[in-house]
Amino acid sequence: QVQLVESGGGSVQAGGSLRLSCAASAYTYSTYSMYCIAWFRQAQVKEREGVATIYTRSGSTYYADSVKGRFTISQDSAVNTVYLQMDSLKPEDTAMYYCAAVPSTQSACASAWLLQTAQRFSVWGQGTQVTVSS
């Protein structure tokens, strides 16, 4: 069974940076290479929001407008790990951050549609808390 484990959350002041990690286990290379990995976040009393995606085969990325230019999603395929570098953090970035995975094509992974439909992602991590103070 595929598993995702997030780490790297914490507390930071506005304007600061954090890097989240999402380690994937139980993938074989042939299957992992055709996955869309996404970061979602959910703040209290808000709906889950898609933040960014990366297609594991090509490394192509897609960002929500709310984080474009501040967050960077990347991967290290050698260790099946996806990262989310978060810079210029704002208090409104405070949320529980989750990584999720689904088998996908590159075009679907780079679409706003997929990032807006969390229910299509079949594997989820347990989440890591990010708190940004003003």
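Positions are given from 1 along the sequence.
Counting non-hydrogen atoms of other residues, nucleotides and ligands closer than 6.0 Å to NZ of Lys46 gives a total of 12 or fewer.
Residues Tyr62 and Ser111 form no side-chain contact, since every pair of their non-hydrogen atoms from C-beta on lies 4.5 Å or further apart. Contact of the Arg57 side chain with the Gln106 side chain is not registered, since no non-hydrogen atoms from C-beta on lie closer than 4.5 Å. In this structure, Gln126 and Val5 have side chains that are in contact, with non-hydrogen atoms separated by less than 4.5 Å. Within the 4.5 Å cutoff, the side chain of Ser58 has no heavy atoms near those of the Cys109 side chain.
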Hey, mind stepping through Trp39 and Ile54 against side-chain contact (heavy atoms from CB on, under 4.5 Å) and telling me if it holds?
CA-CA 9 Å; Trp39 284 99; Ile54 188 165; over 6 Å; no
Kindly determine whether Leu115 and Tyr63 satisfy side-chain contact (heavy atoms from CB on, under 4.5 Å), including the steps that lead there.
CA-CA 9 Å; Leu115 199 56; Tyr63 297 92; over 6 Å; no
side-chain contact (heavy atoms from CB on, under 4.5 Å) between Val130 and Met86, worked out
CA-CA 10 Å; Val130 171; Met86 305 185 295; 3.8 Å; yes
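Legend: salt bridge (Lys or Arg N to Asp or Glu O under 4.0 Å) pairs involving residues 114-124, not counting sequence neighbours: none detected. Pairs engaging residues 91-103 under the salt bridge (Lys or Arg N to Asp or Glu O under 4.0 Å) rule: Arg41-Asp93, Arg70-Asp93 [sequence neighbours left out].
Remark: Tyr97 OH to Thr128 OG1 distance equals 10.5 Å, nearest 0.5 Å. In this structure, Arg48 CZ and Met96 CE are separated by 9.5 Å, a value rounded to the nearest 0.5 Å. In this structure, CZ in Phe71 is found 5.0 Å from CG in Leu89, a value given to the nearest 0.5 Å.
The minimum heavy-atom distance linking Thr61 with Ile73 is given by the pair CG2-CG2, 3.5 Å. Summarising the geometry of Phe40 relative to Gly50, their closest heavy-atom pair is CD2-CA, 3.4 Å, with the distance given to 0.1 Å. Residues Cys36 and Phe121 approach most closely at O-CE2, 3.7 Å, considering heavy atoms. A pairwise comparison of heavy atoms in Leu4 and Ala24 identifies CD2-CB, 3.7 Å as the closest pair. Of all heavy-atom pairs spanning Tyr55 and Ser104, the tightest one is OH-O, 3.0 Å. The shortest non-hydrogen separation linking Glu6 to Cys99 is OE2-N, 2.8 Å.
Here the side chain of Thr56 pairs a donor or acceptor atom with the backbone of Tyr35 at under 3.5 angstrom. In this structure, the side chain of Gln75 does not engage the main chain of Thr81 through any donor-acceptor pair within 3.5 Å. Side-chain atoms of Ser77 never come within 3.5 Å of backbone atoms of Asn80 as a donor-acceptor pair (strictly under, hydrogens ignored). The main-chain N or O of Gln85 is never found under 3.5 Å from a side-chain atom of Thr72 such that the two would form a donor-acceptor pair.
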Name every donor-acceptor pair, under 3.5 Å, that has one atom in a side chain of residues 7-18 and the other anywhere in the protein, sequence neighbours excluded.
| unit_1 | atom_1 | unit_2 | atom_2 | d |
| --- | --- | --- | --- | --- |
| Ser17 | OG | Asp87 | OD1 | 2.7 |

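Judged purely by distance below 3.5 Å, without hydrogens or angles, the side chains of Glu49 and Ser66 pair a donor atom with an acceptor atom.
Using a 30° and 60° split on the angle between ring planes, Trp124 and Tyr98 fall in the perpendicular class, above 60°.
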